[in-house]
Amino acid sequence: MNKIDALKDESVIPLLKNRYKNCIVISAKTCQGIPALKQKIAEILEKRLLNIEISCSQENGKLIATLHENAHILNRTSDDRRLTFHLQIEDKFLSKLLKLHDDIQIKELVP
């Protein structure tokens, strides 16, 4: 909830937080509450991201392009035949990848 700086009576803040359990009160003007908002966004995103390693053939250009467009690639290594990507990806997107590409190997990494 923005514009917290415009409140004349700050005693309503606990009422708002009680009524809207996941709300973060902020002021874009004064930056009050912005660190808490950033933290909440990071927590939500981390819950949706998987930390995995995907290995595929070097000829799978479509998958490689898809990973670059839809994942956060942390590291990439290769050998004679395969590429291995250490990446973060949304869990819902990973299931789509599995359906589209049959030559990939996936290993979930513990953060």
Side-chain angles (χ1 to χ4, degrees):
M1 298 192 163
N2 191 16
K3 301 195 184 281
I4 199 70
D5 58 289
L7 283 178
K8 298 203 188 300
D9 182 6
E10 290 190 13
S11 67
V12 299
I13 294 174
L15 298 172
L16 290 170
K17 287 183 176 183
N18 190 42
R19 172 120 166 101
Y20 303 99
K21 298 291 183 197
N22 290 317
C23 83
I24 306 290
V25 293
I26 68 163
S27 167
K29 183 177 180 180
T30 66
C31 296
Q32 179 184 351
I34 298 297
L37 178 61
K38 287 180 180 180
Q39 178 64 33
K40 186 68 168 179
I41 291 169
E43 288 171 11
I44 291 168
L45 291 176
E46 285 175 10
K47 288 180 185 176
R48 295 175 52 194
L49 292 178
L50 297 174
N51 188 26
I52 62 170
E53 188 176 273
I54 290 184
S55 177
C56 68
S57 69
Q58 291 189 13
E59 292 81 33
N60 197 335
K62 185 176 180 181
L63 172 66
I64 295 165
T66 301
L67 291 177
H68 280 280
E69 291 173 11
N70 298 288
H72 178 67
I73 298 173
L74 303 171
N75 188 19
R76 174 183 153 169
T77 58
S78 63
D79 61 21
D80 293 338
R81 298 176 306 166
R82 297 189 71 77
L83 292 172
T84 302
F85 296 90
H86 175 197
L87 52 89
Q88 292 179 327
I89 191 168
E90 285 188 59
D91 54 357
K92 67 180 180 180
F93 189 71
L94 179 61
S95 62
K96 291 178 185 177
L97 281 180
L98 291 171
K99 291 177 185 173
L100 296 173
H101 304 281
D102 58 357
D103 82 327
I104 62 175
Q105 298 170 351
I106 298 174
K107 179 170 77 171
E108 187 166 1
L109 304 173
V110 178

query: side chain to side chain donor-acceptor pair (under 3.5 Å) with Lys8: which residues, sequence neighbours excluded?
result: none

- prompt: Which of these, Thr84, Leu83, Leu87, sits in a side chain to side chain contact (heavy atoms under 4.5 Å, CB included) with Arg76?
  reply: Leu83

- request: Find the distance between CD1 (Ile54) and CZ (Arg82) and round it off to the nearest 0.5 Å.
  value: 11.0 Å

message: Thr77: which residues meet the side chain to side chain donor-acceptor pair (under 3.5 Å) condition with it, sequence neighbours left out?
response: none

By side chain to side chain donor-acceptor pair (under 3.5 Å) - contacts of Asp9 (at least two apart): Ser11

Please set out all donor-acceptor pairs under 3.5 angstrom arising from side-chain atoms of residues 32-43, sequence neighbours excluded.
{"from": "Gln39", "atom 1": "NE2", "to": "Glu43", "atom 2": "OE2", "distance (Å)": "3.2"}

- request: Please round to the nearest 0.5 Å and tell me the distance separating atom NZ of Lys3 and atom CD1 of Ile26.
  value: 10.0 Å

- prompt: Using links of under 4.5 Å between side-chain heavy atoms of ILVMFWY residues, direct or through other members, which residues join Val12 in one cluster?
  reply: Met1, Ile4, Leu7, Ile13, Leu16, Tyr20, Val25

query: Looking at residues at least two apart in the chain, or sitting in another chain, which of them share a side chain to side chain donor-acceptor pair (under 3.5 Å) with Asp5?
result: Ser27

field: Nearest-0.5 Å distance that lies between atom NZ in Lys107 and atom NE2 in His86
entry: 9.5 Å

- prompt: Taking all atoms of both residues into account, what is the closest heavy-atom pair of Ser78 and Gln58, and its distance?
  reply: CB-NE2, 3.9 Å

- prompt: Is the backbone N or O of Arg81 less than 3.5 Å from a side-chain atom of Glu59, with the two atoms forming a donor-acceptor pair by type?
  reply: no

message: For the CZ atom of Phe93 and the CG atom of Asn70, what is their distance to the nearest 0.5 Å?
response: 3.5 Å

- request: Work out which heavy atom in Ile64 is nearest to a heavy atom in Ser57; give both atom names and the distance.
  value: CD1-O, 4.3 Å

message: Would a single hydrophobic cluster contain both Ile89 and Leu74, if residues Ile, Leu, Val, Met, Phe, Trp and Tyr are joined by side-chain heavy-atom contacts under 4.5 Å?
response: no

message: Is there a path of hydrophobic side-chain contacts, each under 4.5 Å between heavy atoms, that joins Ile52 and Leu49?
response: no

message: Tell me whether Asn22 at atom CG has more than 12 heavy atoms from other residues, nucleotides or ligands lying less than 6.0 Å away.
response: no

